[in-house]
Structure formats: C-alpha cells, structure tokens
Amino acid sequence: MYERNLSGNEFRALLAGGLGMLKNNAEEINGLNVFPIPDGDTGDNMVSTLAGGLRALGSGEESFGLAAERAAEGMLLGARGNSGVILSQMFSGIAKSVRGKTYADVSDIARAFKEGTSFAYSSLTTPVEGTILTVMRLAGEYAAARVSAESTVESYFADYEREAQRALEGTPELLRVLKEAGTVDSGGAGLVAIIRGFLSVMRGGAQTYDASAEVQHSAPDISLFTSESELTFGYCTEFLLRLTHKKTDLSTFSIDEFRSRLSELGESVVAFRQDSIVKVHIHVTEPWRVLRYAQSFGEFLTLKVENMNIQHSEAERKSEPSFRRRGVRRPYGVVAVGCGEGMCAAYKELGADVVIDGDKYGNPSVELLLRAIDAVNAECVYLLPDNSNVIIAAEGAASMCRGSKVMVLPTHNCGEGYIALSALDCVSGDDEAIFAAMTEEISHSASGAVARAVRNAGMNGVNVSENDYIAISDKKIMLSAKTKVEAAEGLARGLGAEECDFIIVFYGADADAGERAECKKRFAESFPSAEYYEIDGGQKTYDFIIVVQ
C-alpha cells in the first residue's frame with residue numbers, strides 16, 4: 001500500500017488520518033489567533049470542512065477519481081471560515097485533475113496538488129500571501145520538483161510536509177500582522193496537521209483520535225420519541241442518488257426541475273449534481289414520497305432518514321439550526337449571521353427573515369447557508385455575514401444557489417450588519433438599488449468591539465498585557481485599557497463619536513449591570529451631542545460592540 005499508486009479506499013484512509021491529526025491539534029490551531037482574544041476557530045472550521053468530505057465518501061469501494069470528487073463536494077458544503085473554504089477549493093481542484101482515474105500514481109498526485117493550489121488561488125478575488133495559500137503553493141512546488149522514478153506516495157507527502165512546515169514558519173515574514181502578533185498562520189498550521197495525518201496512516205502509526213467518529217452519528221436516543229409523541233419537525237432526509245441510463249436520459253436530466261419538485265414535497269432543500277451523482281438534503285414529513293420520486297431517476301448510493309423530533313430534543317446533537325420554509329414566495333428576503341440572542345432578535349426586528357446565531361452554532365457552513373436561503377423562499381435574498389471569516393462561505397453559497405438570486409453584503413461585523421439592516425427598504429423593487437442603499441449606509445458609519453486579551457501582545461503600536469481590554473476596529477487594535485468601560489470610551493472616541501449623531505452599544509453577556517450603567521454615563525458626558533442607544537446583545541466574546549453614525 002501507498003507505494004506507487006493510491007486507490008479510492010486508500011485516499012479515504014488518508015483523509016481519515018488527516019482529520020484525526022487535525023482534530024487532535026484543533027485547539028492549538030484555534031489558539032494561533034492574530035488578535036489576543038478567545039475567538040480563534042480555524043481548527044474547528046477546518047475539522048468541519050474535512051469531516052464533510054468524509055461524510056460524503058461513505059465506505060464503499062470506488063475509484064480514486066470518484067472518491068476525490070465526492071470528498072470535494074462534501075468539503076464544499078461543509079466548509080466553514082476562510083481556511084475551510086480555501087481547503088475545500090484546493091480539493092475541488094485536486095478532484096478536477098484526477099477525474100476518471102481508477103488509481104493515481106505519484107505524478108498524478110503531484111500534478112493534482114499543484115492544480116488544487118491554482119484552483120484555490122483562482123477562487124479568491126484577492127489572494128493573500130502568508131496564509132494557507134502560500135503554504136500549499138510552496139509545499140506543492142517543492143514536492144513536485146522532487147518526484148522521480150523512485151518516488152513513492154509516502155516520499156511525495158514527506159517532501160510536501162517538510163516544505164509545508166518551512167513555509168508555515170515563514171508566514172510571519174510575508175504577513176505583517178502575523179509578525180506583530182508573534183504567531184504563524186493558523187490555516188497553514190491546519191494544512192500541515194492534515195498532511196502529517198496522511199503520513200501517520202502511510203507509516204502504520206496508531207491514531208490517537210478515532211476520526212470515524214466525525215463521520216458517524218451516535219445511536220439516537222429513541223426514548224425521546226414515545227408512544228405519546230407527535231411528529232412535529234418531520235424527517236431529515238439525505239441521500240446520494242446515482243442517475244442510471246435505464247431510468248433517465250442523463251443528457252436531459254434537469255437538476256433545477258428536480259430541485260423544484262423536491263421543494264414542493266419538503267423544506268430546507270439542498271440538491272446539486274456532479275456528473276451522474278445527485279446529492280440531496282431535505283426536511284419532509286413523508287420521506288417515502290421523496291424517495292419514490294428520486295428513485296424514478298436512478299438508485300441510491302447512500303440513504304439516511306432521521307426523526308427530527310429526536311434531533312431537536314438531543315441538545316448535544318443540535319449542532320446546527322433547523323429552518324421552516326416560508327410557504328408563500330416573496331420578492332425579497334434576508335438571511336443574516338449574528339452573535340448572541342439579543343443581537344439576533346434585533347436583526348429580526350429590523351426585517352431579517354432568518355438569523356443564524358454564530359455564538360451558538362459557530363461560523364455557518366456553505367450548506368447551512370444554502371438551507372437558510374431556501375427557507376426564506378424569495379426571488380432575491382440579501383445575505384449578511386457577521387465577520388470577514390464568513391464572507392467567503394457566503395459568497396460560495398451565493399454562487400451555488402439556483403433557486404434565488406443571492407447578494408452578499410460586505411458586513412464585516414455585527415455592527416455593520418445592524419446598520420445595513422436599518423437601511424433595508426424594498427419599496428423600490430430594484431434589487432441593485434436596495435443593495436446599494438444598505439452598502440452606502442455602512443460607509444456612513446464606523447464600528448468596533450471591546451474584548452479581554454488572553455495573552456501579551458504588541459500590535460499596531462499598542463502594547464497589550466494579558467487580561468487588559470482591547471478595542472478592535474477594521475482588523476486593528478486601537479488601544480488597550482485596564483477596564484472594559486475605559487476601552488469602550490476610547491474606542492468610541494477613536495471611531496469619531498464626538499462628531500456623530502448616534503451611538504449604538506450592544507452589551508455582551510459578560511458586561512454586568514454596573515458596567516453598563518457606567519458606560520452609558522461616561523458616554524453621555526464625553527459625547528453629549530450624540531443620541532445613545534443600548535441593546536442587550538448577549539454576545540460572548542465581545543463585552544461591547546459599538547457603532548457610531
């Protein structure tokens with residue numbers, strides 16, 4: 001095994017090993033956060049992405065090319081955060097390179113990883129060096145250049161891992177913010193962990209983490225649905241369908257018509273086609289209707305039907321929200337990502353149809369965003385991320401959506417999202433004009449946040465001590481203070497509150513009543529000409545989110 005060629009099953013084993021190593025190092029990777037605050041989640045995002053690839057693979061025998069395609073599809077839907085989306089794009093490029101191959105030899109693998117890197121670069125509007133992109137590029141070029149007639153799959157990945165580590169250590173020299181923070185790129189560290197997992201499998205090393213746990217559900221607690229229970233949420237139904245020539249004409253099969261029919265049968269529909277395979281997710285009260293319809297076009301490769309009443313009752317299983325699809329289609333709709341129950345409630349009051357609580361569920365995956373968009377059931381859907389780490393996933397969901405026109409607002413934080421929603425007015429009936437009005441409103445405001453520092457740091461000319469409170473705006477630390485209220489006042493001043501008409505403060509979960517009252521008092525004294533609005537946002541990481549306008 002792993003000498004000259006890779007089969008589909010061997011590729012699956014490598015991915016499982018990579019996921020195991022990534023999971024074992026996820027907390028450390030999360031800690032490689034540029035800002036010294038407890039919001040790093042790159043490791044978790046990459047785990048979610050890679051786990052999505054393994055879920056799509058299943059366990060059957062298949063060619064390398066097909067395994068790569070399925071893994072890439074699963075990663076794309078499971079992708080979370082910037083590094084997760086970039087990782088999924090890399091594997092999409094790999095899949096394109098090896099399409100149709102039963103086995104992949106060392107030269108095929110070397111070429112595929114280089115093409116995967118190129119595809120990842122091309123998927124970004126502005127690729128940034130000093131990130132995971134640099135690590136995969138330098139590692140792929142180095143390892144490919146060393147391929148010879150004597151090379152094995154293991155020797156290729158050993159070269160790849162060696163250069164990836166060197167490239168990772170050099171990321172601070174390419175990205176100033178990393179150098180100031182005294183850290184390396186977290187996404188690049190995740191990629192190194194994945195390749196080390198590959199090598200561990202090839203060298204026969206025992207995994208300290210059972211990667212299969214990431215792709216299998218634990219047995220459901222059937223006691224949660226008794227003889228007295230009533231089905232209220234329906235069944236979460238997922239399957240891979242192989243279109244067959246006996247049942248349909250593959251050249252004329254329409255995924256749009258297929259998806260439209262599924263939307264008549266259930267809710268939260270996600271359906272897309274890759275060659276002769278169709279992947280489906282749907283919430284439905286009578287799954288047999290969906291299965292009968294689908295089977296008229298081919299045969300199931302995988303099939304899962306789960307009682308959603310049990311899912312909703314098992315708090316530990318509820319890692320993602322469920323959405324009920326609106327029955328009547330409307331011209332416009334809004335999907336927003338917020339943080340904290342109060343913030344999400346404020347979003348809904350301003351007109352958001354579906355709000356995903358990032359504090360509760362983490363950065364939403366592409367698939368979750370697609371389900372939210374489908375639930376809105378509108379011709380045009382405005383999608384508002386809550387941070388820059390969600391924007392790339394939002395753009396990915398927008399590009400994949402076929403049932404609605406999706407427009408992604410450039411909202412880099414919850415404050416900007418609130419301001420954008422305050423300008424939501426669909427009376428004109430002009431998609432672009434509505435989008436432009438919200439975007440312009442963002443440009444007339446400024447926002448930032450206050451959080452506790454978890455380590456010493458020196459960035460942007462500001463020296464930070466552990467347990468200080470820092471003010472952050474536009475990806476920069478503006479100041480450091482000993483109390484959160486001092487930091488909040490300094491942040492507001494730095495945002496230009498002295499010359500603004502409005503100040504909106506979202507209180508975080510850890511800001512107590514005394515600190516809230518003191519903040520309001522000091523703002524009234526320091527910025528007497530500005531109207532002060534306070535909202536109990538309930539967000540976890542940030543003690544205060546401040547918007548001035």
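Along the sequence shown, the residues carry numbers beginning at 1.
Asn30 contributes a side-chain N or O that, together with a main-chain N or O of Asp44, makes up a donor-acceptor pair within less than 3.5 Å. A donor-acceptor pair under 3.5 Å is absent between the side-chain atoms of Ser260 and the main chain of Asp256, judged by distance alone. Tyr347 places no side-chain N or O within 3.5 Å of a backbone atom of Leu421 that could act as its donor or acceptor partner. The closest donor-acceptor contact from the side chain of Ser97 to the backbone of Gly93 lies at 3.5 Å or more, if one exists at all. Checking side-chain atoms of Ser404 against main-chain N and O of Val406 turns up no donor-acceptor pair under 3.5 Å. With Asn363 contributing its side chain and Val390 its backbone, the two residues share no donor-acceptor pair below 3.5 Å. Looking at Glu10, its side chain does come within 3.5 Å of a backbone N or O of Ser7 through a donor-acceptor pair. Between the side chain of Ser186 and the backbone N or O of Asn33 there is no donor-acceptor pair closer than 3.5 Å. Distance alone, capped at 3.5 Å, places no donor-acceptor pair between the Ser200 side chain and the Arg196 backbone. Side chain of Asp105 to main chain of Arg4: no donor-acceptor pair is present (N/O by atom type, distance under 3.5 Å, no hydrogens or angles).
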_Under the criterion side chain to side chain contact (heavy atoms under 4.5 Å, CB included), I'd like the reasoning laid out for Tyr542 against Ile37: C-alpha separation, chi angles, the key distance, then a yes or no._
CA-CA 9 Å; Tyr542 301 104; Ile37 59 176; 3.7 Å; yes
*With side chain to side chain contact (heavy atoms under 4.5 Å, CB included) as the test, would you mind laying out the steps for Leu22 and Ile29 before giving the verdict?*
CA-CA 9 Å; Leu22 183 62; Ile29 294 168; 3.8 Å; yes
_Pair Thr152-Met202, side chain to side chain contact (heavy atoms under 4.5 Å, CB included): steps then yes or no_ = CA-CA 11 Å; Thr152 64; Met202 288 185 280; over 6 Å; no
_Does Thr42 form a side chain to side chain contact (heavy atoms under 4.5 Å, CB included) with Leu32? I'd like the steps, not just the answer._
CA-CA 8 Å; Thr42 299; Leu32 297 174; over 6 Å; no
*Report the C-alpha separation of Asp374 and Arg371 in whole Å, then their side-chain angles, then the decisive distance to 0.1 Å, and conclude whether the salt bridge (Lys or Arg N to Asp or Glu O under 4.0 Å) test is met.*
CA-CA 5 Å; Asp374 177 74; Arg371 285 164 45 200; over 6 Å; no
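The pair Arg203-Glu154 meets the salt-bridge criterion, with a side-chain N (NZ, NE, NH1 or NH2) lying under 4.0 Å from an Asp/Glu carboxylate O. Arg166 has a carboxylate O that lies under 4.0 Å from a charged side-chain N of Glu163, or vice versa, which qualifies the two as a salt bridge. Classification of Arg70 and Glu73 as a salt-bridged pair fails, no side-chain N sitting under 4.0 Å from a carboxylate O.
The aromatic rings of Tyr160 and Tyr156 lie tilted to each other, with the angle between the two planes from 30° to 60°. Using a 30° and 60° split on the angle between ring planes, Phe253 and Phe258 fall in the tilted class, from 30° to 60°.
Counting non-hydrogen atoms of other residues, nucleotides and ligands closer than 6.0 Å to CD of Glu28 gives a total of 12 or fewer. Within a 6.0 Å radius of CD in Glu264, other residues, nucleotides and ligands contribute more than 12 heavy atoms. In this structure, Tyr103 places its OH atom where only 12 or fewer heavy-atom neighbours from other residues, nucleotides or ligands lie under 6.0 Å away. Other residues, nucleotides and ligands contribute only 12 or fewer heavy atoms inside 6.0 Å of the NZ atom of Lys475. With a 6.0 Å radius and a threshold of 12 heavy atoms from other residues, nucleotides or ligands, Glu141 has its CD atom above the threshold. The number of heavy atoms from other shown groups lying within 6.0 Å of NZ (Lys279) is above 12.
Atoms CE and CG, on Met21 and Leu199 in that order, are 8.5 Å from each other to the nearest 0.5 Å. Put simply, OG on Ser63 and CD on Glu69 are 7.5 Å apart, with the number rounded to the nearest 0.5 Å. Here the CD1-CG distance, from Ile195 to Leu14, works out to 9.0 Å after rounding to the nearest 0.5 Å. The CZ atom of Phe198 lies 6.0 Å from the CZ atom of Phe11; values are rounded to the nearest 0.5 Å. Atom NZ of Lys96 sits about 13.0 Å away from atom OG of Ser118, to the nearest 0.5 Å. Atom NZ in Lys405 sits 14.0 Å away from atom CD1 in Ile373 (nearest 0.5 Å).
Between Gln165 and Glu161, the side chains place no donor N or O within less than 3.5 Å of an acceptor N or O (distance only, hydrogens not considered). Using a 3.5 Å distance cut-off with no hydrogens or angles, the side chains of Arg242 and Ser276 do pair a donor with an acceptor. In this structure, a donor-acceptor pair under 3.5 Å is present between the side chains of Tyr121 and Arg137.
Considering only heavy atoms from C-beta on, Lys348 stays 4.5 Å or farther from Asp353 through its side chain. The shortest side-chain heavy-atom distance between Asn45 and Leu87 does not fall under the 4.5 Å cut-off. Using a 4.5 Å heavy-atom threshold, the side chains of Phe323 and Ile356 count as touching. Between Leu133 and Val128, the closest side-chain pair of non-hydrogen atoms is not below 4.5 Å. Under the 4.5 Å side-chain criterion, counting only non-hydrogen atoms from C-beta, Asn413 is not in contact with Asn387. Between Gln295 and Lys247 the shortest side-chain heavy-atom distance falls below 4.5 Å. Counting heavy atoms from C-beta outward, Val34 and Leu178 have side chains that approach closer than 4.5 Å. Within the 4.5 Å cutoff, side-chain heavy atoms of Val47 are placed close to those of Leu19.
Ser48 and Arg55 get closest at one heavy-atom pair: O-NH2, 4.3 Å. Scanning both residues, Val284 and Pro287, for their nearest heavy atoms gives CG1-CA, 3.6 Å. Between Asn82 and Asn389 the shortest heavy-atom distance is N-OD1, 2.8 Å. Across Val366 and Gly396, no two heavy atoms sit closer than the pair CG1-C, 4.3 Å. In terms of heavy atoms, Gly340 sits closest to Asp359 at N-OD2, 3.5 Å. Closest of all the heavy-atom pairs between Val201 and Gly17 is CG2-CA, 3.5 Å.
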